[in-house]
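Notes for the one structure printed next.
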Amino acid sequence: MALPLQVEQLDDNLKALGRIEAQHALQLRQFIYGDDAVSREDADLLFSLNDACKTKDAAFDQLYVEALTDYFVWQTEPRGYVTPDLSRYLIDQVTADGHIDTQTELE
């Protein structure tokens, strides 16, 4: 029986593959929500994978929007409000290449 991948291995494998399939999105969801909270590191992972993988299953797009909304809006104080510092970080991450690439990034 194969041992589960560590998040770093999954990250490296997906970036090398250049795509995220539905089963990968499920693995990422399990990593991110395994402790019932989305961390800054989880957000950074999602931003990084979104930039590195040009082909993504809709399941990843859903996870991207859901997890980042949870982190920025619902799990970071003050809840329900995005601070100016966090909004700058979010905008910088989404527009790191100078523009918004996809509808998912816009959402």
Side-chain angles (χ1 to χ4, degrees):
M1 181 162 135
L3 294 174
L5 289 174
Q6 297 297 314
V7 71
E8 294 82 12
Q9 292 172 300
L10 183 59
D11 181 38
D12 291 343
N13 291 349
L14 293 176
K15 286 177 179 173
L17 190 61
R19 70 177 184 272
I20 300 172
E21 297 173 358
Q23 70 268 18
H24 303 134
L26 178 59
Q27 288 177 303
L28 288 165
R29 180 175 292 280
Q30 291 168 339
F31 281 124
I32 290 169
Y33 284 103
D35 59 0
D36 295 324
V38 181
S39 68
R40 178 72 167 254
E41 292 77 22
D42 296 330
D44 289 339
L45 172 67
L46 290 171
F47 287 131
S48 176
L49 285 171
N50 186 63
D51 290 342
C53 300
K54 297 308 172 201
T55 303
K56 297 174 279 287
D57 187 88
F60 176 81
D61 294 341
Q62 292 169 343
L63 173 62
Y64 182 87
V65 172
E66 179 184 340
L68 292 176
T69 299
D70 284 343
Y71 175 71
F72 285 98
V73 179
W74 303 118
Q75 294 179 358
T76 304
E77 294 296 332
R79 291 177 194 242
Y81 176 79
V82 180
T83 65
D85 288 341
L86 277 179
S87 65
R88 173 55 33 211
Y89 168 71
L90 175 59
I91 291 167
D92 288 348
Q93 293 301 311
V94 172
T95 61
D97 60 356
H99 61 290
I100 295 173
D101 291 320
T102 64
Q103 181 66 32
T104 302
E105 286 183 341
L106 184 60
E107 288 179 32

Please list, chain by chain and in numerical order, all residues satisfying side chain to side chain donor-acceptor pair (under 3.5 Å) with Y33, sequence neighbours excluded.
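With sequence neighbours excluded, Y33 shows a side chain to side chain donor-acceptor pair (under 3.5 Å) to D70, given in chain and number order.
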Tell me, please, which residues at least two apart from D92 pass side chain to side chain donor-acceptor pair (under 3.5 Å).
R88
Atom pair [atom1]/[atom2] of [X] and [Y] - distance to nearest 0.5 Å:
X   : Y   : atom1 : atom2 : value
D42 : I32 : CG    : CD1   : 5.0 Å
D85 : T76 : CG    : OG1   : 12.0 Å
K15 : N13 : NZ    : CG    : 11.5 Å
C53 : E21 : SG    : CD    : 10.5 Å
Q93 : D51 : CD    : CG    : 7.5 Å
F72 : L90 : CZ    : CG    : 4.5 Å

Closest non-hydrogen atom pair between [X] and [Y], with its separation:
X   : Y   : answer
A25 : L63 : O-CD2, 3.7 Å
A22 : A59 : CA-CB, 4.4 Å
Q75 : V38 : OE1-N, 2.5 Å
E77 : T83 : O-CG2, 4.2 Å
R19 : H24 : O-ND1, 4.2 Å

Donor-acceptor pair, side chain of S87 and main chain of P84, under 3.5 angstrom:
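Side chain of S87 to backbone of P84, a donor-acceptor pair under 3.5 Å: yes, one is there.
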State plainly whether one hydrophobic cluster holds both V73 and L46, where clusters connect Ile, Leu, Val, Met, Phe, Trp and Tyr through side-chain heavy atoms under 4.5 angstrom apart.
yes
If two hydrophobic side chains count as joined below 4.5 Å and joins carry through other members, does V65 share a cluster with W74?
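Yes, same cluster.
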Please examine the side chains of [Y] and [X], heavy atoms only from C-beta on, and report whether any two atoms are closer than 4.5 Å.
X   : Y   : value
R40 : L86 : yes
F60 : T55 : no
L49 : Y64 : no

For Y71, give me all partners under ring-ring contact (aromatic ring centres under 6.0 Å, His included), at least two apart in sequence or on another chain.
none
